[in-house]
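The structure appears right after this line, and notes come after that.
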Amino acid sequence: MASTPSSTLTPLYESNNIFFNSFTSPHNFTFPLKLYKSSIRTPQVSLQGQPHISQPNNSQNPDRKSKIWVNPKSPRATELKQRSYDFRYTSLVKIAESLDSCNPLKHDVYNVLATLGDKIVEQDAVVTLNNMCNSETALLALKYFQERLKLSKEVIIYNVTLKVLRKNKDLDRAEKVFDEMLERGVKPDNVTFSTIISCARQCNLPEKAIEWFEKLPSFGCEPDDVTYSVMIDAYGKAGNVDMALSLYDRARTEKWRIDAVTFATLIRIYGSAGNFDGCLNVYEEMKALGVRPNMTVYNSLLDAMGRAKRPWQAKNIYAEMINNGFEPSWGTYASLIRAYGRARYSEDALKIYKEMKEKGLELSVMLYNTLLAMCADVGLTDEAVNIFEEMKSSGTCQPDSWTYSSLITINSCSGKVSEAEATLNDMMEAGFEPNIFVLTSLIQCYGKEGRTDDVVRTFDRLSDLGLSPDERFTGCLLNVLTQTAKEDLHKLTICLEKANPKLGYVVKLLVDKEVVEEEGAFKKNAAELLDSVTTDVRKAYCNCLIDICVNLNKLERACELLDIGLTLNIYTDIMSRTETQWSLQLKSLSLGAALTALHIWMSDLNKALEDGEEFPSLLGINTGHGKHKYSEKGLAGVFESHLKELNAPFHEAPDKAGWFLTTKVAATSWLESRRAQEVVAV
DNA sequence: ATAGGGTTAG
């Protein structure tokens, strides 16, 4: 075994939080509650009260009994016609509004419609129904028009009625209306089908949508571009990406004009299937076909890049969108906040937040939560407090358990135990039970303060609430062990055993002197354990276990764990060699794991030296810049002093943050002098 | 705006 002075490896108790945050980020958790939309969307603003529409006192008004003859083909005539149509349209919208709020009784509905007078035309029916939201009164209105009008295109008023039913997500009624159409001998067309199909899609019944699409040919209809687009969307929603794409292919070979909306649909499908390059390819293909992107395309792309955790691409697309003269919509901002928030682009996210406020756009709970979770991630305590205050005073949304979780996490991470406890009380007063996320944060919080008994109490609280520990919760507990004094470790080992017996056993082998270990049992069990947990927590578990070893001065065990980590590909590319440089990559390692890796790397260098291998011109250690807000010092800072203690000739590169470099000559002479010392020491 | 697609997501 080589000769790293192990005393320098010992005190790990406070600093390191490099792996800590993989547990505390609320966005890493799968929240078990399904949240529903808090309010129904307000209906469209009516045209009522727009001043330009009727101005009877205006002497310029051409609608007054004017004797001037106007050439019907002149632009002036077109304008007059337009005005008179605008006027008619406005009154029809008002009728539609009255019908929406009227009793669903034949008598009442007919009375409202009687105000239209006797000279109604087919288009009046279309406009009225098209502006309605109430299914029941719409069906009565449909009857009224059927009784009173000679309809030359009856299918159209059926189609607009179907739109009303779709607004209400009422597929049952839509299907009944369809049957009625057939009974009356009205032939459904593509509009009928696309409306019913999108209704089924919006009802979250994509199988139904497919069913309707499949019966389209039996009514003598050939799907057209819009029907394809709707179906592509429905297949995507049903998770049948292959069918969606093959429809797209079919639409393409049948030379349908594929417009921006369809491309946006395709981008959404690729995005929700996790194929983010697919999204970008569709976008390129679209541009190659000469289709100009619209807002939907941009918003879908931004959303996809957010899911892909590629905030820089979101940024580029947004810039392009602005350059092309588009005004960002609510959806644009929401996508950006999510993209930036998840990726911890805090400055960008906060800028968007500011812009939304300036424009008077309301944020949803989800968006507030995204911002708060981001603040928790990067340690923006003051901003989080501000955002929370603004959220409360917005009057439009109430904090939910996610909100409180983030706030508790923020307090916990900045070591504000009593504030965290107070926030938990607020949460319970607001009617939310503490959940696993909150308890996970609290465990971290107490652990960091060395309040082991409170950690144990919080651990027990979880099962009292009828919850069982998940991998993150257990991982946080394990992380607490890396910060706990030796004499308290046994209290936590008991908890660990309850949470995950295998993990408990592995830790016991490290901590408990009385456990008798069979030859190789530690390595075997540790490997089985790490293999049994999901990949997202493996590295964190391994890092923690190594830290515990390092704390307890069990360097051999630490090396065994690192070896397991390398074998299971938990750590990749830690040590690499090119012709010009040999590197040690420590970026995602905890301090203990990094020190262990350094130890192994130095042994390898020694061996290479012994074997007379040629060293490259440069040797480098990359610690990453370690700019994490919650840890006073990143890995870089700790490493710098550690390397000094070892008299190692590595020096931080001025132009490459987080890199410590040395030359062939310096490295060789350093290793040789260490070996000489070793001989003296023996 | 004036018969069919698009969302508000964790």
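Quick note on labels: first sequence line is chain A, next is B, and so on, each numbered from 1.
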Same-atom distance (P) from B/dG5 to B/dA1, integer angstrom: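 14 Å, rounded to whole Å.
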Residues in side chain to side chain contact (heavy atoms under 4.5 Å, CB included) contact with A/Ala430, at least two apart in sequence or another chain: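 Once residues adjacent in sequence are excluded, the partners of A/Ala430 under the side chain to side chain contact (heavy atoms under 4.5 Å, CB included) criterion are A/Tyr404, A/Phe432.
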For A/Val241, all residues meeting side chain to side chain contact (heavy atoms under 4.5 Å, CB included), sequence neighbours excluded: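 Counting only residues at least two positions away or on another chain, A/Val241 forms a side chain to side chain contact (heavy atoms under 4.5 Å, CB included) with A/Leu245, A/Ile269, A/Ala273.
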Residue pairs fulfilling ring pair (Phe, Tyr, Trp, His ring centres under 6.0 Å) with at least one residue in residues 126-153 of chain A, sequence neighbours excluded: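 As it turns out, the ring pair (Phe, Tyr, Trp, His ring centres under 6.0 Å) pairs with a partner in residues 126-153 of chain A, which skip direct neighbours, are A/Tyr110-A/Tyr144.
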Listed once per pair and sorted, the ring pair (Phe, Tyr, Trp, His ring centres under 6.0 Å) pairs that draw on residues 146-169 of chain A, sequence neighbours left out: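 Sorted result for residues 146-169 of chain A: empty, none.
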Just compare [options] and give me whichever is closest to any side-chain atom of [X].
X	options	answer
A/Val126	B/dA3, B/dG6, B/dG10	B/dA3
A/Asn130	B/dG5, B/dG10, B/dA3	B/dA3
A/Thr296	B/dG4, B/dA3, B/dG6	B/dG6

Close residues, residues 229-252 of chain A, relative to DNA chain B [heavy-atom separation under 4.0 Å]: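 Nucleic-acid contacts, sorted: A/Ser229, A/Val230, A/Asp233.
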Members of residues 150-163 of chain A that approach DNA chain B, where some heavy atom sits under 4.0 Å away: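 Heavy-atom contacts with DNA chain B come from A/Ile156, A/Asn159, A/Val160, A/Lys163.
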Heavy-atom donor-acceptor pair, A/Ser229 side chain to A/Asp225 backbone, under 3.5 Å: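 Not a single qualifying donor-acceptor pair exists.
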A/Lys176/A/Asp179 ion pair, N-O < 4.0 Å: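 Here A/Lys176 does not pair with A/Asp179 in a salt bridge, since their nearest N and O are not under 4.0 Å apart.
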Flag for A/Asn190-A/Thr227: side-chain donor and acceptor within less than 3.5 Å: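 On atom types as modelled, these side chains qualify, holding a pair under 3.5 Å.
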